[in-house]
Amino acid sequence: MHTPLFRHSDVQDPYGFYATMLMEDRLIRDKDSGAWIIYQYAHCQQLLHNGKAQIPGQAPGDLALMNDYCLRLIRNLVRLRNPSDHLLARLITLKLFETKVPVSISGIMERLLPAPNGLPTPIDWMGAVANQLPIRILAESFGFSPADTARILATIGDLVRIMSPVKTPEQIDLLNEAVEEIYLLTERRLHDNGIYETIQEKIKGLVPLGPARSGVAPFDKDSIPVICVSNLMGLFIQSYDAGRGILGNSLLQLLLQGDRSELQAGNRDYIASAVQETLRYDPSVHNTRRILTEDILLDNIRLEKGQSVVLMLAAANRDARQFARPEVFDPYRDNNHELLTFGSGSHECIARHFSAHMATEALLYLFQAHPDIQLLARPSYAPLVNVRVPNELLISDTFTSK
């Protein structure tokens with residue numbers, strides 16, 4: 001492997017490379033990008049909790065080409081914000097997430113999987129389920145119509161580019177068009193559902209409304225709509241790659257290494273534990289980036305202000321100093337909740353429990369409906385650097401009517 005910042009479409013097994021880097025037991029600087037590449041669990045944890053390691057901003061040239069809707073999204077997405085205004089936006093987003101209503105994941109699964117026909121039927125789990133399910137659950141939870149949900153799914157491939165550090169002018173044109181359409185659609189839906197008033201009531205007493213105070217960014221109730229719209233869109237965007245990766249990778253590991261007797265018995269607790277272990281063992285999110293706002297010392301090495309840092313979270317999840325026998329897939333592991341796949345600290349993913357629950361319920365439905373499901377071929381992976389997502393995952397079973 002020539003660079004640590006590889007595309008997953010080019011690497012069949014990144015974990016052997018991670019193991020080698022962990023054994024070297026030193027900080028490594030990528031000669032091509034100039035970024036520090038961090039592998040050890042303790043180092044990643046330290047940086048995730050260090051306020052001097054912040055989320056990188058968008059390229060100025062890209063910002064100049066973006067329309068007002070893209071700029072609103074970038075300014076208000078919790079995932080892209082840094083102190084001091086991050087905590088206020090995160091609180092509002094958490095309260096927004098609390099307003100979603102429960103939906104039947106099994107009901108959505110019944111609509112996504114093909115009807116039983118009694119014949120061995122190859123199915124692409126990614127195309128049939130994983131690429132759609134996270135967005136469908138979120139959209140139904142917030143009262144979006146089927147037509148609006150279809151538009152979000154149709155544009156999500158362009159929307160996700162908002163998170164990319166490098167964009168072409170052509171991609172920005174598509175991004176501008178997609179963001180404007182879905183922003184207005186989301187704004188209308190939240191307004192019609194009375195969400196803004198609900199959020200204002202939820203944060204009353206928790207956040208002082210009014211002008212800026214010492215160390216606190218300006219905030220008033222007029223900020224609520226744009227923060228809510230931006231971060232619901234952010235949930236759609238982040239759930240697409242990460243959510244479909246969780247669904248794909250969890251099914252892959254269950255079919256390769258799962259306890260078939262537990263799966264055929266429809267043991268929800270076992271499936272939930274296996275999903276949690278997959279999030280450590282074969283996660284969808286492999287790395288995240290930070291930029292240093294001041295010099296810091298890490299393992300007695302000075303990392304300088306302005307330098308980039310890439311935290312290899314998937315490698316940290318395989319660090320033997322934190323996880324015994326890290327190369328073993330063990331759903332009964334007692335500390336896999338310490339994984340770093342969802343980050344840690346102030347930027348820990350808001351939807352971590354939603355994602356794990358979604359995958360558990362979807363897989364439970366699959367194995368209850370089709371207990372003899374089989375993997376037809378090892379998957380190839382999407383050409384992405386920070387997430388490991390199967391392009392397709394072909395499975396087959398003799399479908400019988402329930």
Side-chain angles (χ1 to χ4, degrees), residues 102-138 140-141 239 242-284 328-334 336-337 339 341 351-381 388-402:
V103 299
S104 171
I105 296 177
S106 62
I108 298 175
M109 288 290 295
E110 287 178 353
R111 302 199 302 268
L112 293 179
L113 283 178
N117 58 16
L119 297 173
T121 306
I123 295 173
D124 173 20
W125 171 255
M126 301 307 295
V129 175
N131 295 350
Q132 303 182 56
L133 184 63
I135 288 174
R136 288 191 179 277
I137 294 172
L138 284 171
E140 289 195 20
S141 296
S239 74
R244 64 192 179 118
I246 291 169
L247 287 162
N249 296 347
S250 295
L251 178 57
L252 176 64
Q253 295 308 323
L254 282 172
L255 292 176
L256 291 175
Q257 306 188 70
D259 185 328
R260 181 63 71 165
S261 64
E262 298 284 13
L263 298 175
Q264 291 178 331
N267 186 332
R268 177 184 271 105
D269 290 341
Y270 175 78
I271 292 174
S273 297
V275 167
Q276 183 72 13
E277 175 67 349
T278 300
L279 288 166
R280 181 202 68 84
Y281 179 85
D282 188 20
S284 50
V328 175
F329 179 77
D330 179 9
Y332 302 104
R333 187 181 297 275
D334 61 6
N336 57 18
H337 62 281
L339 56 86
T341 301
R352 68 175 299 168
H353 298 297
F354 162 83
S355 300
H357 174 71
M358 170 195 67
T360 298
E361 294 303 308
L363 292 167
L364 177 65
Y365 172 87
L366 176 67
F367 284 106
Q368 285 180 334
H370 313 295
D372 297 317
I373 204 81
Q374 299 293 328
L375 180 68
L376 296 184
R378 291 291 188 107
S380 62
Y381 289 87
R388 186 168 176 82
V389 177
N391 280 321
E392 63 178 13
L393 196 60
L394 297 178
I395 56 177
S396 181
D397 186 25
T398 300
F399 290 89
T400 56
S401 299
K402 299 177 193 177

(request) Give the intermediate values and the outcome of side-chain contact (heavy atoms from CB on, under 4.5 Å) for residues T278 and F329. (result) CA-CA 8 Å; T278 300; F329 179 77; 3.4 Å; yes
(request) Could you give me the CA-CA distance, side-chain angles and deciding distance for L393 and L375, then say whether side-chain contact (heavy atoms from CB on, under 4.5 Å) is met? (result) CA-CA 8 Å; L393 196 60; L375 180 68; 3.7 Å; yes
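At a threshold of 4.5 Å between non-hydrogen side-chain atoms, the residues M109 and L133 count as touching. Under the 4.5 Å side-chain criterion, counting only non-hydrogen atoms from C-beta, E110 is not in contact with I105. With a 4.5 Å cut-off on side-chain heavy atoms, R280 and R333 count as touching. Within the 4.5 Å cutoff, the side chain of P283 has no heavy atoms near those of the L339 side chain.
Environment of CZ in R378: sparse, with no more than 12 heavy atoms of neighbouring residues, nucleotides or ligands closer than 6.0 Å.
Ring geometry for Y270 versus Y332: interplanar angle of 30 to 60°, hence tilted.
Of the listed residues (L251, I108, I395, L113), just one forms a side-chain contact (heavy atoms from CB on, under 4.5 Å) with V129, and that residue is L113.
Taken to the nearest 0.5 Å, the CG atom of N249 stands 4.0 Å off from the CG atom of D282.
Taking all atoms of both residues into account, the shortest heavy-atom contact from A359 to I246 is CB-CG2, 3.6 Å. Of all non-hydrogen atoms in D330 and N336, the two that sit nearest each other are O-ND2, 4.3 Å.
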